[in-house]
Amino acid sequence: MSTQVILPRILEVGAGASQKLPAILSALDCRKPLIVTDKMMVKLGYAGRLQDALASADIASDLFDDTVPEPTAASIQAGVDKVRGGDYDAIVALGGGSPIDSAKAIAILGKHGGKVRDYKFPRVVNEAGLPIVAIPTTAGTGSEVTRFTIITDETSDEKMLCVGIGFMPVAALVDYELTLSVPQRTTADTGIDSLTHAIEAYVSRKANPYSDSQAIAAMHLLGPNLQRAYHNGDDRQAREAMMLGATLAGVAFSNASVALVHGMSRPIGAFFHVPHGLSNAMLLPTVTAYSIPAAPERYATCARAIGAAGHDDDTDTANGKLLEALEALNRDLKVPTLAEFGADKARFDQLLPTMAEQALASGSPGNNPRVPSAEEIIELYRKIWP
Ligand SMILES: [Fe+2]
């Protein structure tokens, strides 16, 4: 049996990769890019530096810096209107997962019209939008190498998963130097997201030899370096390993899918406005404990790859150590509970059936080694907030 692997056409990886933007746009024959980013990237000078580099290469660019965290259909509309009213031939997506996800939706809607809901899974969006050059500034969602975007419907709080080659950037410039200034909390949240991508891709029912190789490599990079980067943001070696690990984890899950943690995490994010990586972190130990019995060998391999268990540990021992390590990681990275985050318990209890329904509808729980019923998902939610 063969597996189809979908990747960006160009990957530029390492220190200074983002400065290659003018040459890469020229190679793609793009002359009028719109940079889609957020206010922080402008404030940090990253957007200006790119625009200066483009101007020196005689490439005139425009800026759309109104993307927001956890983007909604309404939040991207001004960007879509800008594309529809302009003559842009490329989108440069600069920032963390939210600006890149926003840019992906803008690239499709800007070219083909309609509403985000029209493009939601299970529709597969294989038509080409404007070509996207993604420059991630966190390590990270891996959005620079995935064929997915997530946009929230602000009227229903549903996180709409959109899937297809149309959302795959044509190029990704993976420059860890852009992550050196990432604050500690974001380093933790985005790093746990990457680790979750690698683990979920590896245990996914859609895992394949290609995605496995990327997931294992990602875990080897992320496991020993997440806490290092969190405790010392200036640790260049740790930052470089995290950035490459995040991108490889993105390749892994884009070609194998995520699973139950992500399925259950999106409704928490949408209803309680918990950052994506943080809601993953809240769920990861509990969902892993639930899933291990259905794929013990796979989880034991994860334990060894992230350095939580040794090669001499048998499967059960390794899995015990994995659960301990995930809980210790959350403590070290100061991951709050939902209560500590400030969510409302009565609302949480009331929303349980809706969250379970949305989790199942996303399709991700169906990729989990142990596929839960709606009732079991509710039980798992209750375990993280008894
Ligand atoms: Fe994620």
Side-chain angles (χ1 to χ4, degrees), residues 69-71 93 95-105 121 134 136-152 158-163 167-169 172 174 179 182 185-204 206-207 211 214-215 218-219 221-222 226 242-243 245-270 272-288 291 302 306 326 329-330 333 335 355 358-359 362-368:
E70 317 288 321
S98 297
I100 297 178
D101 275 3
S102 300
K104 288 177 168 185
F121 181 80
T137 58
T138 58
T141 61
S143 188
E144 69 278 6
V145 289
T146 73
R147 58 196 169 87
F148 308 116
T149 187
I150 306 257
I151 304 291
T152 301
E158 180 193 359
K159 286 208 165 195
M160 296 180 288
L161 173 66
C162 302
V163 178
F167 298 110
M168 175 61 78
V174 183
T179 68
V182 172
R185 183 73 259 144
T186 309
T187 299
D189 296 350
T190 53
I192 297 178
D193 187 30
S194 303
L195 185 62
T196 309
H197 294 156
I199 294 173
E200 292 214 290
Y202 192 71
V203 302
S204 164
K206 292 187 182 152
S211 63
Q214 307 297 295
M219 285 187 261
L221 290 161
L222 299 168
L226 174 50
M242 287 301 296
M243 192 62 156
T247 297
L248 294 181
V251 170
F253 90 84
S254 189
N255 291 289
S257 87
V258 282
L260 183 56
V261 177
H262 272 75
M264 290 179 63
S265 172
R266 292 184 203 107
I268 293 180
F272 299 98
H273 305 289
V274 181
H276 172 68
L278 204 50
S279 51
N280 283 343
M282 290 169 177
L283 288 159
L284 185 57
T286 302
V287 172
T288 302
S291 307
C302 293
I306 67 171
L326 295 179
L329 181 66
N330 279 3
L333 270 48
V335 172
M355 293 200 295
Q358 288 189 0
S362 75
S364 302
N367 304 320
N368 207 55

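Note that this is a predicted model, so its numbers are computed, not measured. As the structure lists them, so they are numbered: ligands from 1, and atoms in each ligand from 1. Residues take their numbers from the sequence shown, with the count starting at 1.
Considering just the N/O/S atoms of His262, the one nearest the Fe ion (ligand 1) carries the name NE2. The N, O or S atom of His276 lying closest to the Fe ion (ligand 1) is NE2. Taking the N/O/S atoms of Asp193 in turn, the shortest distance to the Fe ion (ligand 1) belongs to OD1.
A donor and an acceptor atom, one from each side chain of Ser362 and Lys159, are nowhere located under 3.5 Å apart.
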Test Leu195 against Leu329 for side-chain contact (heavy atoms from CB on, under 4.5 Å), laying out the working first.
-> CA-CA 11 Å; Leu195 185 62; Leu329 181 66; 3.8 Å; yes

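In this structure, Ser211 contributes its side chain and Ala207 its backbone to no donor-acceptor pair below 3.5 Å. Between the side chain of Asn330 and the backbone N or O of Ala281 there is at least one donor-acceptor pair closer than 3.5 Å.
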